[in-house]
2 protein chains.
Amino acid sequence: MSAHSATAQAILQSAHTLIVDGGYNGFSYADISKVVGIRNASIHHHFPSKVDLVCALVADYRHDAEAGIAALERTAPEPSAALRAYVGYWEACITDASAPFCLCALLAAQLPVLPEPVAFEVRAHFRALSAWLVSVLERGAKHGDIHLGGSAKTEAETFMATVHGAMLSARAYGDAQIFGVITQPLLDRLIAH
Amino acid sequence: MSAHSATAQAILQSAHTLIVDGGYNGFSYADISKVVGIRNASIHHHFPSKVDLVCALVADYRHDAEAGIAALERTAPEPSAALRAYVGYWEACITDASAPFCLCALLAAQLPVLPEPVAFEVRAHFRALSAWLVSVLERGAKHGDIHLGGSAKTEAETFMATVHGAMLSARAYGDAQIFGVITQPLLDRLIAH
DNA sequence: GAAAAATTACCTACTAATAGGTAGTCCGTC
DNA sequence: GACGGACTACCTATTAGTAGGTAATTTTTC
């Protein structure tokens, strides 16, 4: 799917790490070139502008997230298991510090200063994630797997917001464990016993 | 308390707005000077460096937050009312777009790239807010005003994370209402009926 | 299957704009 | 006449991005 060369992928990967650390304005071409081992100007060969680079990155990210969710629904067909797997994925990412924040969540925080094409991609991620959560919760509620306090829509938005907030707290405290402390009761509340 | 001149306060206020929009690296002295109406270099007269400026801003912010909470505890002595007032404060800020994000929450998202003195102040805000929430919840649970599902500490962290996540969602969707959609059930769950 | 043409992927060298910050000066007020 | 608060002028580093060139690879054509 991703028609990127090895170098282009290395550029995207380092951009991902850098953005997750400090956001859109928190990195420069120089930072990338240091990591990837090519000259500053050569990045423009792969991505004409910074907007192109970040747009490609977020588009890939959204695609990967979609694929990850599809895979997750196959290995964890029960809604409760899917929610657990989703939270578990992030718990692992935060614990091993491989990607201690959702790329789109971090970019969303800076939405007012993002170039419009990037902002568009970020908004699309939020809509897609929310839509998936709604569908999982509705399915779970129908099967008795999930217990909803309010509407599926409201519970989905609460779920997403709490997970994002838990990422932020883990970062603020410098403590990966707090993510689990916050998300475990969130799952417990939703999953019928 | 704040020994800042009128100009210094104008600088701090515009820095506040700019950071809430785009974070630490999302603004420059030029941006401030345009708003305040003084030259770039004159900002250094009031705040020697950018780190000094943002540190002073966050320190003031923390002080104001402390004062606001103290005032809130006077006007709303009941724990349930205090929680409602806290959420209501942010709902108003987001709705009228006067300060559509918590300064420290936004800075916390960029914690890995913040200068250490700023990072220190930001962490302190999280600890203080968490400590206040714990005390309110404990007090409420004792008086039967609040119903806790888990420990006060866990519920406080969940509360804070959900509020921060709700701010993020409101920004991502460009819809202030989503903040209330997420926080109303959060309050309902905690407040005994 | 070899020559020619186009494409890929990088390079050096450069530019205009912007970043935060410094030095020294001027002006009004107490 | 000292001082606060602003100024002009300047500096150095960094920003994203451009221009033009080179070597290697791939594609096209005869």
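Below, chains carry the letters A, B, ... as their sequence lines are ordered, and counting in each starts from 1.
Proximity of the aromatic rings of B:Phe126 and B:His164 is defined here by a centroid distance below 6.0 angstrom, and this criterion is met.
Distances shown here put every side-chain N or O of B:His44 at or beyond 4.0 Å from the OP1 or OP2 atom of D:dA6. Remark: B:Ser49 is not in phosphate contact with C:dG20, judged by side-chain N or O atoms under 4.0 Å from OP1 or OP2. Considering only side-chain N and O atoms, B:Tyr29 lies nowhere under 4.0 angstrom from the phosphate OP1 or OP2 of C:dA19. For D:dC7, the OP1/OP2 oxygens have a side-chain nitrogen or oxygen of B:Ser42 closer than 4.0 Å.
Considering only side-chain atoms of B:Arg39, the nucleotide from D:dA6, C:dA13, D:dC7 that sits closest is D:dC7. Listed nucleotides C:dA9, D:dA16, C:dA23 differ in distance to A:Lys50; the shortest reach to its side chain belongs to D:dA16. With C:dG21, D:dA6, C:dA13 as the choices, the nucleotide that has an atom nearest any side-chain atom of B:Thr7 turns out to be D:dA6.
For the pair A:Phe47 CZ and C:dT8 P, the interatomic distance rounds to 14 Å; values are reported in whole Å. Taking atom NE2 of A:His45 as the reference point, atom P of D:dT25 lies 15 Å away to the nearest angstrom. Computed from coordinates, the A:His4 NE2 to C:dT8 P distance equals 15 Å when rounded to whole Å. B:Asn40 has its CG atom 12 Å from the C1' atom of D:dC7, to the nearest Å. Look at CG on B:Asp31: it is 6 Å from P on C:dA19, rounded to the nearest Å. If you take CD1 of A:Ile38 and P of C:dT8, they are 16 Å apart, rounded to a whole angstrom. Atom CD1 of A:Ile11 is separated from atom C1' of C:dT8 by 13 Å (rounded to the nearest Å). Summarising the geometry, the separation between CD on A:Gln9 and P on C:dA9 is reported as 12 Å, rounded to the nearest angstrom.
Between A:Ser130 and A:Glu157, the side chains place a donor N or O and an acceptor N or O closer than 3.5 Å (distance only, hydrogens not considered). Checked by atom type, the side-chain pair A:Asp145/A:Ser80 shows a donor-acceptor distance below 3.5 Å. Checked by atom type, the side-chain pair A:Glu66/A:Tyr61 shows no donor-acceptor distance below 3.5 Å. Between the side chains of B:Ser151 and B:Thr154, at least one donor-acceptor pair of N or O atoms lies under 3.5 Å.
Within 4.0 Å (heavy atoms only), B:Phe27 reaches sugar-phosphate atoms of the nucleic acid but no base atom. Nucleic acid contact for A:Ala30: sugar-phosphate only, since backbone atoms but no base atoms lie under 4.0 Å from a heavy atom of the residue.
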